[in-house]
Protein chains: 2
Amino acid sequence: MTAAPKYSSSTENYLKAIFHLQKSDGIVTTNDVANELQTRPASVTDMLKKLKAQKLLLYEKYKGFKLSNEGRKVALQIIRKHRLWEFFLVEKLNFGWDEVHEIAEELEHISSKKLIDRLDEYLGFPKSDPHGDPIPDSNGKFTLPKQVDLLNLPLNKVAEVSSIGDQSAEMLELLGHKGIALGTKVEVKKKFAFDNSLELKFKNQLIVTVSEHVAKNVFVKYDE
Amino acid sequence: MTAAPKYSSSTENYLKAIFHLQKSDGIVTTNDVANELQTRPASVTDMLKKLKAQKLLLYEKYKGFKLSNEGRKVALQIIRKHRLWEFFLVEKLNFGWDEVHEIAEELEHISSKKLIDRLDEYLGFPKSDPHGDPIPDSNGKFTLPKQVDLLNLPLNKVAEVSSIGDQSAEMLELLGHKGIALGTKVEVKKKFAFDNSLELKFKNQLIVTVSEHVAKNVFVKYDE
DNA sequence: ATTTAATTTTAGATTTGTCTAAAATAAAAT
DNA sequence: ATTTTATTTTAGACAAATCTAAAATTAAAT
């Protein structure tokens, strides 16, 4: 038997929104949450009180709020579910990475823990979702990959291209030509002190050279 | 973008319950529905009025009710989703057929039609769920497999064991020993007029003999 | 054909999550 | 340091889905 859901979908959405806003902004306001959840500040205040009563939130009126340990724990489980479902939709059902978010917004509220752990196993315990965001494990821990530009990537460390700073057409042309795209696995084999240019090696053993200017605009993530 | 759910989970559950009760009982009462949904008759009456307002139900107070065409259509889509998810849970995530119902009760309310059609394709368009119940196709049609006891199964026709009449410990022991269980694929190769005993052949080529008494209590389904 | 019993429906409350409009508080600007 | 502006909270209301208790209707039983 699947346990009755501990928290409502609405509660889960608030926790998730606050979690995400805390990550980016550090401090989160009532208006931020209202904006994120497409609702009104008054509704947010109402919910903040309920979350506090459930000990999911530390909240003092007019002063601010943040997730409690329990609140963060719940948020991480929702995020885990969301990202695993996204991975499933893309990997198994051939959805595009850009069309899975809405569906995962619904699937993330399915309560069964056994289901999600089985799904995780079925998918091969993926570490990140189709957008490159990390998937928390069943204890809520996730290995946050380190994000740096190529210039700061240690030598001989395999990393994955995660974002591009300068997205001008010229830059994208250059990257396309060199074979650098989101998700590409790269390794820095040599760094020339003279002009800070780099020699990169791909999985397919090919080696290319990029300038400091390019290296500064290619961000990669790696474990450790 | 996933379309907003047309109907609430509650509405969907009522439609599904009424659909099932109509199948078995023919006529459905307020009390039946209350019992099925673990709620109170007064709550059922409230909902009947709402369903009528949405044209999902034909209802005259004190006189009775039944699903409208639209109501039946919606119910069938919910049942389709429920059974496809059950199939997924058993086939892909290795759940037991007896532990998937509750989880599917939640999954069946995920709204995306694209999701369910992709899932259907991914699963190979299964015709029936792990309990042997037929899965409606995306138009709500389903091919009802013929259900007979082994005695009435035509010779050389591959069928699947779908239910057991006499579920006494003695019978189950016998069936277990012979290798007959729910879902087992069988074929009748020979029928002895003398005592109506049968020779059955399994997928793995093994042949066993069962008495008329046993044959009468083993129900199978087959297409056509 | 009445009376009795069962079923169904109404009336009025309750809970959850939302809303608007107004009040309270904090932050920004002069 | 006040005043103005923006933010946050309260107060009161609403819709959905449920409940209890009582009333209305139908069915069963004498």
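Being a predicted model, the structure only gives us computed values, none of them experimental. The sequence lines fix the lettering, A, B, ..., with proteins before strands; numbering per chain opens at 1.
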Quiz item: Is there a side-chain polar atom (N or O) of B/Ser8 under 4.0 Å from OP1 or OP2 of D/dA17?
Solution: yes
Quiz item: Just how far, in rounded Å, is P of D/dC19 from CE of B/Met47?
Solution: 11 Å
Exercise. Could you check how far CD of A/Gln54 sits from C1' of C/dT16, rounded to whole Å?
Key: 11 Å
List the atom pairs, donor and acceptor, that lie under 3.5 Å between side-chain atoms in residues 31-44 of chain B and the rest of the protein, sequence neighbours left out.
residue, atom, partner, partner atom, Å
B/Asp32, OD1, B/Thr29, OG1, 3.3
B/Asp32, OD2, B/Thr29, N, 3.1
B/Asp32, OD2, B/Thr29, OG1, 3.2

Quiz item: Between C/dG17 and A/Thr39, is there an OP1 or OP2 to side-chain N/O distance shorter than 4.0 Å?
Solution: no
Quiz prompt | Summary of salt bridge (Lys or Arg N to Asp or Glu O under 4.0 Å) pairs that have at least one residue in residues 115-124 of chain B, sequence neighbours excluded | solution = B/Arg80-B/Asp117, B/Arg80-B/Asp120, B/Lys113-B/Asp117
Quiz item: Any side-chain heavy-atom pair from B/Lys55 and B/Ser68 closer than 4.5 angstrom?
Solution: no
Practice problem: Grab the CG-P distance between A/Leu51 and C/dT18 for me, whole Å please. | Solution: 11 Å
Self-check item: Separation of C/dC19 C1' from A/Leu37 CG (nearest whole Å)
Solution: 15 Å
Quiz item: Is the A/Trp85 ring parallel, tilted or perpendicular to the B/Trp85 ring (thresholds 30°, 60°)?
Solution: perpendicular
Self-check item: Rounded interatomic separation in angstrom, taking OH from B/Tyr14 and P from D/dA16
Solution: 15 Å
Exercise. Would you indicate, yes or no, if D/dT20 has its OP1 or OP2 atom less than 4.0 angstrom from a side-chain nitrogen or oxygen of B/Arg40?
Key: yes
Self-check item: B/His109-B/Asn13 side chain donor-acceptor pair, cut-off 3.5 Å
Solution: yes
Practice problem: Go through the steps to decide whether B/His82 and B/His101 satisfy the test side chain to side chain contact (heavy atoms under 4.5 Å, CB included), and finish with yes or no. | Solution: CA-CA 8 Å; B/His82 183 101; B/His101 181 78; 3.3 Å; yes
Self-check item: Protein-to-nucleotide contact annotation, 5' to 3' order, nucleotides 3-15 of chain C [B base; S sugar-phosphate only; - none; under 4.0 Å, heavy atom]
Solution: ----SBBB-----
